Every structure is written in structure tokens, then in C-alpha cells.
2 protein chains.
Amino acid sequence: MLLSKACIYGVRASLYMALVYHKDSYISIRDMSQKLDISFHFLTKILQQITQAGLMHSYKGPNGGINLSKNPREITIIEIIDAIDGLDVFTECVIGLPGCGKNKPCPLHEKWAIARQELQDMFENTTLHEMAFNSKKLNLRLSNEFSIKELID
Amino acid sequence: MLLSKACIYGVRASLYMALVYHKDSYISIRDMSQKLDISFHFLTKILQQITQAGLMHSYKGPNGGINLSKNPREITIIEIIDAIDGLDVFTECVIGLPGCGKNKPCPLHEKWAIARQELQDMFENTTLHEMAFNSKKLNLRLSNEFSIKELID
DNA sequence: TTTATTAAAGACTAATTTGTCTTAAATATA
DNA sequence: TATATTTAAGACAAATTAGTCTTTAATAAA
């Protein structure tokens with residue numbers, strides 16, 4: 001698995017946030033957890049990491065919740081990954097040799113260095129807005145249970 | 001982490017086997033575990049999975065051990081990965097949605113499907129022989145402690 | 001046949017990740 | 001101010017992965 005479960009949930013939640021984005025309103029974590037079928041408490045902890053990384057804001061109390069701290073055009077998937085799993089997967093040796101790199105390469109280094117860079121580029125060049133836009137246009141899927149249209153309602 | 005620790009150790013062990021490959025001699029697991037600095041018992045269990053997958057043979061008793069069941073030119077990295085982690089990483093949705101695919105794609109599906117296919121191709125097109133050959137030629141590294149030359153001795 | 005050497009098998013422990021639950025803190029509204 | 005609603009925090013439990021240890025089985029060689 002490239003991304004941890006926590007990270008996967010974080011990305012799904014971020015895409016959801018972009019989908020229903022309104023600059024000045026908060027999304028309830030409880031609502032989102034039901035829509036995305038993710039455990040409420042687990043999702044809460046994951047969103048805490050994301051807010052602590054500065055990507056979202058939270059607000060307590062009635063009508064409180066979470067919102068994106070920037071326009072979804074300005075947030076890329078890799079920022080979410082960074083907040084939860086970190087970026088080690090894009091720098092580490094594929095067979096786990098410490099210090100593997102240009103100077104002391106492992107046998108797979110040359111090929112893997114290219115592949116992991118492409119992965120990193122992919123996540124760096126993908127904004128939440130782009131994904132949300134495509135999702136609406138093509139009715140893509142962010143939940144096993146609900147269609148995008150049902151998620152937005 | 002793309003590959004589990006067990007899988008990483010399995011790949012390292014396989015590369016080592018290719019490096020010291022002689023058609024008719026067995027490599028002791030204890031020796032290999034010391035050379036590669038992998039726990040002997042853990043490595044034993046991993047090699048059992050690989051032998052059960054038919055990629056290696058084992059032989060008990062004095063001068064027993066493990067050998068490759070095919071020429072290293074005919075074994076690719078993906079066969080090792082398949083024996084230990086399975087190939088799910090090359091077919092699954094990057095954000096974990098069951099059933100994600102051409103018909104019911106998630107927002108990242110299109111990009112991820114390309115990336116994961118490239119990863120799969122990379123592992124499929126990389127033989128143990130090629131890696132071992134390059135390792136000797138370029139003195140690449142398979143252990144944190146020993147150089148290739150020391151490993152071969 | 002006895003002994004030493006090796007892998008196989010499986011029980012066990014430790015560490016990490018995933019998920020749950022309870023309480024506290026902040027806030028809006030009546 | 002009192003109450004309801006919401007996130008924050010942290011203890012806890014379950015599941016998975018990683019790693020260790022002991023015993024058994026196979027084999028070679030003395």
C-alpha cells in the first residue's frame with residue numbers, strides 16, 4: 001500500500017471538502033464521516049493533523065466544523081500526504097537501504113528514483129479543485145455508498 | 001512504504017542469491033542473514049514463502065540451504081513481490097475505494113492507473129540477473145555494511 | 001548408528017497502525 | 001447563565017506487521 005489508511009482517509013476528506021467548498025462555511029466532521037463512511041473519531045484525528053499542518057481550519061461549537069484554509073485551486077494532494085504520512089515514500093530506497101542515493105545506489109535505485117519522482121510529480125500537480133471539478137463533471141466516485149451528486153446535497 | 005519489510009528483505013535476499021548464483025550449490029540462510037544484516041529467523045520465514053511460490057528450492061542438512069529454481073535471467077522482481085506482498089498494490093485504488101476502475105473511477109483513478117502500471121512494468125522488466133550484473137559492474141550496494149565485493153567473497 | 005548441520009513449522013512477543021471511547025474545551029443560542 | 005453542539009485530546013483496544021525463540025525433520029558425514 002503506497003499510502004496509509006489514515007492518509008487515504010485524509011485525501012478522501014480533502015476531496016470532499018473541495019467538492020462542497022464555500023469560503024466561509026464550516027463542514028461538520030460528523031456529517032462528512034457519514035457521507036464518506038469513515039469512523040468519526042478516526043477522521044477527527046486525521047483532520048487534526050491536517051489542520052495542524054495549516055491546510056484547514058476548525059471551529060468548535062454549533063455550526064462549527066472544518067474548512068479549507070486556502071482555495072482548493074491552491075492545495076495539492078501532496079500537501080495532504082505530507083501532513084499525514086510525510087514524504088519519505090518519495091525519497092526513500094525501495095528496498096529500504098539507508099543512505100541509498102546517487103552516491104551509494106542500490107541495484108534498483110536508478111529505476112526507482114525515476115518512478116518515485118513521477119509519483120511525486122503526479123501528486124504535486126494535482127489540485128483539490130481539479131479533482132473536485134472533474135468529479136462533478138464526470139460524476140466520479142468518492143464514497144462506496146453515495147454518488148457525487150448525493151455527496152453534494 | 002510501497003513494499004512491506006518482509007518483501008523488501010525478500011527482494012534483497014533474491015538479489016543476493018543472483019549475485020552468488022551457482023546452478024548446483026546451496027546458499028546457507030544463516031550466512032545470508034549475516035551478510036545482509038537481516039534477522040535469521042525472519043529471513044527464514046520469508047524465504048519459505050518464496051520457496052513455496054516455486055522461485056527457490058531449499059535443502060536441509062549440512063551444506064544445505066537455498067538456491068534459485070531458475071536462472072536469474074528468468075526471474076523478475078515482480079515475482080518476488082508477488083510471492084510476499086501480492087500484486088494488489090498494482091491493481092488497487094490509491095485512495096482505497098473498492099471497485100474503483102474504468103467503470104466507477106475515483107477522482108485520482110486516471111492518473112494513478114498510469115503510474116501504477118509504470119511501476120508494475122518496471123518490476124516486471126527487471127530481472128535478478130540484470131540487477132546482479134549491474135551490481136558487480138558498478139559496485140552497487142545491497143547491504144548497509146558490506147560492499148558487493150565483500151558480499152561475493 | 002550417532003552426531004552435527006541445516007531448513008521447516010509454529011508458538012510466542014513486540015511494535016506499529018487502525019479504530020473506539022470518554023472527557024474536556026470552545027462556542028452559539030435560548 | 002444554562003444548555004446543546006461541536007472539535008480537541010488522550011487513554012484505551014483491536015488488528016496487523018515485524019521479529020524472536022523453540023522444537024521438529026531431513027540430511028551428510030564421522
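Bear in mind the structure is a predicted one, so any value in this text is a computation, not a measurement. A, B, ... follow the sequence lines: proteins, then strands. Residue 1 opens every chain.
In this structure, B/Gln49 atom CD and C/dG10 atom C1' are separated by 14 Å, rounded to whole Å. The CD1-C1' distance, from A/Ile46 to C/dT17, rounds to 11 Å in whole Å. Here the C1' atom of nucleotide C/dT18 and the CD1 atom of A/Ile84 are 13 Å apart, to the nearest Å. Spacing between atom CZ of A/Arg30 and atom C1' of D/dA8 amounts to 14 Å, rounded to whole angstrom units. Going from atom CE of A/Met17 over to atom C1' of D/dT7 covers 13 Å, rounded to whole Å. Distance CG (A/Leu47) to P (D/dT6): 15 Å, rounded to an integer number of Å.
For the contact set between residues 50-72 of chain A and DNA chain C, defined by any heavy atom under 4.0 Å, the members are A/Tyr59, A/Lys60, A/Gly61, A/Pro62.
Minimum heavy-atom separation, B/Arg141 to A/Leu97: O-CD1, 3.2 Å.
The only option from A/Asp85, A/Ile75, A/Ile8, A/Leu3 that meets the side-chain contact (heavy atoms from CB on, under 4.5 Å) definition with A/Ile80 turns out to be A/Ile75.
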Derivation and outcome, side-chain contact (heavy atoms from CB on, under 4.5 Å), residues B/Met56 and B/Ser14 | CA-CA 9 Å; B/Met56 298 185 189; B/Ser14 305; 3.6 Å; yes

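Note that the CD1 atom of B/Ile152 and the OH atom of B/Tyr16 stand 9.0 Å from one another [nearest 0.5 Å]. For the atom pair CG (A/Leu108) and CG (B/Asn134), the distance works out to 10.0 Å, reported to the nearest 0.5 Å. A/Ile84 CD1 to A/Gln49 CD: the interatomic distance, rounded to the nearest 0.5 Å, is 5.5 Å.
In A/Glu118, the CD atom is crowded: over 12 heavy atoms of neighbouring residues, nucleotides or ligands sit closer than 6.0 Å. Within a 6.0 Å sphere centred on CZ of A/Phe146, heavy atoms belonging to other residues, nucleotides or ligands number more than 12.
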In B/S/- notation (B base, S sugar-phosphate only, - none; protein heavy atoms under 4.0 Å), nucleotides 11-22 of chain D written 5' to 3' is B------SBBBB

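OP1 or OP2 of C/dA9 sits under 4.0 Å from a side-chain N or O of B/Gln48.
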